[in-house]
Amino acid sequence: MLALKLICVGKMKEKFFIDAFGEYSKRLQSYCKFELVELSEQRLSESPSDGEISAALAKEASEILRNIPPDAYVTAMCVEGKQMPSEGMGKLIAERENSGKPKLCFIIGGSFGLDESVKKRADRKLSMSEMTFPHHLARVMLAEQIYRGFKINEGSRYHK
């Protein structure tokens, strides 16, 4: 069974995001060993300098990198990543399931994104859209797309 780990910077506070993510998390348990790791987002001043942001991203990166499973295929969610159709997500899941190393890890950064060290560790950089979304909404959207990928692979009507 595929081990799928989602590493996210920032803790959800809004009940509607928590409920939506909880629903997809529950659905994913039937398809994979699903794990969520929530890391604390570094606190910054009201108007942080570039140096302050860089230092915060570096601290977050060390925690992210420490939580990536060995032999995992890592996908960093970032604005400069390539977009992928839902069928592509299904293909990625199937490839990892059949790879002999069935570990897949997705990373979602906080408000200021991800440090370059995390992006360099990633096997793939993925973007959801050219539009900007709150990172908590992105977490819900990613969980839904992963679930949709599994449903595509099983030939379910959910995808339609």
S.K.: Kindly say whether L44 contributes a backbone atom to a donor-acceptor pair with the side chain of E52 at under 3.5 angstrom?
M.R.: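 Judged by distance alone, no pair lies under 3.5 Å.
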S.K.: Take Q145 and S86 through the side-chain hydrogen bond (donor to acceptor under 3.5 Å, both in side chains) test and state the conclusion after the steps.
M.R.: CA-CA 6 Å; Q145 283 298 296; S86 298; 2.6 Å; yes
S.K.: Look at the side chain of E35 and the backbone N and O of L4, then say whether any donor-acceptor pair between them is shorter than 3.5 Å.
M.R.: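 Looks like no, no N/O pair under 3.5 Å.
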S.K.: Examine F34 and V140 and state if one hydrophobic cluster contains both, with Ile, Leu, Val, Met, Phe, Trp and Tyr joined whenever side-chain heavy atoms are less than 4.5 Å apart.
M.R.: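 Looking at the clustering, V140 is in the same group as F34.
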S.K.: Would you list the pairs meeting salt bridge (charged side-chain N to carboxylate O under 4.0 Å, His left out) in which at least one residue belongs to residues 6-16, sequence neighbours left out?
M.R.: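 Applying salt bridge (charged side-chain N to carboxylate O under 4.0 Å, His left out) to every pair that reaches into residues 6-16, excluding sequence neighbours, yields K15-D19.
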S.K.: Output all residues satisfying salt bridge (charged side-chain N to carboxylate O under 4.0 Å, His left out) with K26, sequence neighbours left out; order by chain, then residue number.
M.R.: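 E23.
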S.K.: Give a yes or no on whether a salt bridge exists between R139 and E38, defined as a side-chain N under 4.0 angstrom from a carboxylate O.
M.R.: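 Here R139 pairs with E38 in a salt bridge, since their nearest N and O are under 4.0 Å apart.
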S.K.: Suppose we screen for salt bridge (charged side-chain N to carboxylate O under 4.0 Å, His left out). Which residues come up paired with D123, at least two apart in sequence or across chains?
M.R.: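 Expected list: R121.
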S.K.: Kindly say whether G51 contributes a backbone atom to a donor-acceptor pair with the side chain of S54 at under 3.5 angstrom?
M.R.: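 Judged by distance alone, no pair lies under 3.5 Å.
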S.K.: With distance as the sole test, does D115 use its side chain to make a donor-acceptor pair with the main-chain N or O of A61 at under 3.5 Å?
M.R.: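 Flag not set: sc D115 to bb A61 has no pair under 3.5 Å.
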S.K.: Under 4.5 Å between any side-chain heavy atoms of K91 and N153, yes or no?
M.R.: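 In short, these two side chains do not touch, never coming nearer than 4.5 Å.
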S.K.: Are any of the side-chain heavy atoms of K82 and K125 separated by less than 4.5 Å?
M.R.: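 With C-beta onward as the side chain, the pair stays apart.
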S.K.: Taking atom CD of E154 as the centre, does the number of heavy atoms from other residues, nucleotides or ligands within less than 6.0 Å exceed 12?
M.R.: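 Buried by this count: over 12 neighbours within 6.0 Å.
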S.K.: Below 4.0 angstrom, N of the basic side chain to O of the carboxylate: do K59 and E63 qualify?
M.R.: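 A salt bridge is absent here (no side-chain N lies under 4.0 Å from a carboxylate O).
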S.K.: Is there a side-chain contact between M77 and F106, using heavy atoms and a 4.5 Å cut-off?
M.R.: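 Sidechains of F106 and M77: in contact.
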S.K.: Would you mind telling me which of V9, L6, T75 makes a side chain to side chain contact (heavy atoms under 4.5 Å, CB included) with I108?
M.R.: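 For I108, the side chain to side chain contact (heavy atoms under 4.5 Å, CB included) check succeeds only for L6.
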S.K.: Hey, mind stepping through I152 and R148 against side-chain contact (heavy atoms from CB on, under 4.5 Å) and telling me if it holds?
M.R.: CA-CA 6 Å; I152 289 168; R148 184 177 295 270; 4.1 Å; yes
S.K.: For N98, look at atom CG and say whether over 12 heavy atoms of other residues, nucleotides or ligands are found less than 6.0 Å away.
M.R.: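 Enclosed.
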S.K.: Write down the atom of L92, the atom of M84, and the distance for their closest heavy-atom approach.
M.R.: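 Smallest heavy-atom distance, with atoms named: CD2-CE, 4.4 Å.
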S.K.: Do R124 and Y73 make a side-chain contact, defined as non-hydrogen atoms from C-beta onward lying under 4.5 Å apart?
M.R.: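 Yes - at least one pair of side-chain heavy atoms lies under 4.5 Å apart.
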S.K.: To the nearest 0.5 Å, what is the distance between OG on S127 and CD on Q83?
M.R.: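 If we round to the nearest 0.5 Å, S127:OG and Q83:CD are 5.0 Å apart.
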S.K.: Would you mind reporting whether F133 and M141 have side-chain heavy atoms less than 4.5 Å apart?
M.R.: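 A side-chain contact under 4.5 Å exists here.
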S.K.: With rounding to the nearest 0.5 Å, note down the distance linking CZ in R96 to SG in C32.
M.R.: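 Between atom CZ of R96 and atom SG of C32 there are 14.0 Å.
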S.K.: Under the side-chain contact (heavy atoms from CB on, under 4.5 Å) rule, what do V37 and C8 come out as? Steps first, then yes or no, please.
M.R.: CA-CA 6 Å; V37 174; C8 300; over 6 Å; no
S.K.: Looking only at non-hydrogen atoms, find the nearest pair between F112 and E41 and report the distance.
M.R.: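 Closest heavy-atom pair between F112 and E41: N-OE2, 4.5 Å.
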S.K.: Could you state the interatomic distance from CG (L137) to CE (M128), rounded to the nearest 0.5 Å?
M.R.: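 Here the rounded value is 8.0 Å.
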S.K.: May I ask you to decide if the ring planes of Y31 and Y147 are parallel, tilted or perpendicular, using 30° and 60° as cut-offs?
M.R.: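 If you compare the ring of Y31 with that of Y147, the planes turn out perpendicular.
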S.K.: Is there side-chain contact between K103 and P69, with at least one heavy-atom pair below 4.5 Å?
M.R.: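 Contact flag for K103/P69 side chains = yes.
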S.K.: With I107, which of L114, N67, L39 fulfils side chain to side chain contact (heavy atoms under 4.5 Å, CB included)?
M.R.: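 The single option meeting the side chain to side chain contact (heavy atoms under 4.5 Å, CB included) with I107 is L114.
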S.K.: For the residue pair I93 and M89, establish whether any side-chain heavy-atom pair is separated by less than 4.5 Å.
M.R.: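 I93 vs M89: side chains touch.
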S.K.: Using 0.5 Å steps for rounding, measure from the CG atom of L142 to the NE2 atom of H135.
M.R.: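 Rounded to the nearest 0.5 Å, the CG-NE2 separation comes to 13.5 Å.
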S.K.: What distance separates I53 CD1 from S111 OG, expressed to the nearest 0.5 Å?
M.R.: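 It comes to 10.0 Å.
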S.K.: Give, for atom CZ of R27 and atom CZ of F150, the distance between the pair rounded to the nearest 0.5 Å.
M.R.: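 Between atom CZ of R27 and atom CZ of F150 there are 14.0 Å.
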S.K.: So F16 and H136, do their side chains get closer than 4.5 Å, heavy atoms only?
M.R.: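 Side-chain contact under 4.5 Å: no.
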S.K.: On a heavy-atom basis, which atom in C105 and which in I7 lie closest, and how many Å separate them?
M.R.: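 Closest approach of C105 to I7, heavy atoms only: SG-CD1, 3.6 Å.
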S.K.: Quick one: closest heavy-atom pair of F21 and L36, and the distance?
M.R.: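 Result for this residue pair: CE2-CD2, 3.6 Å.
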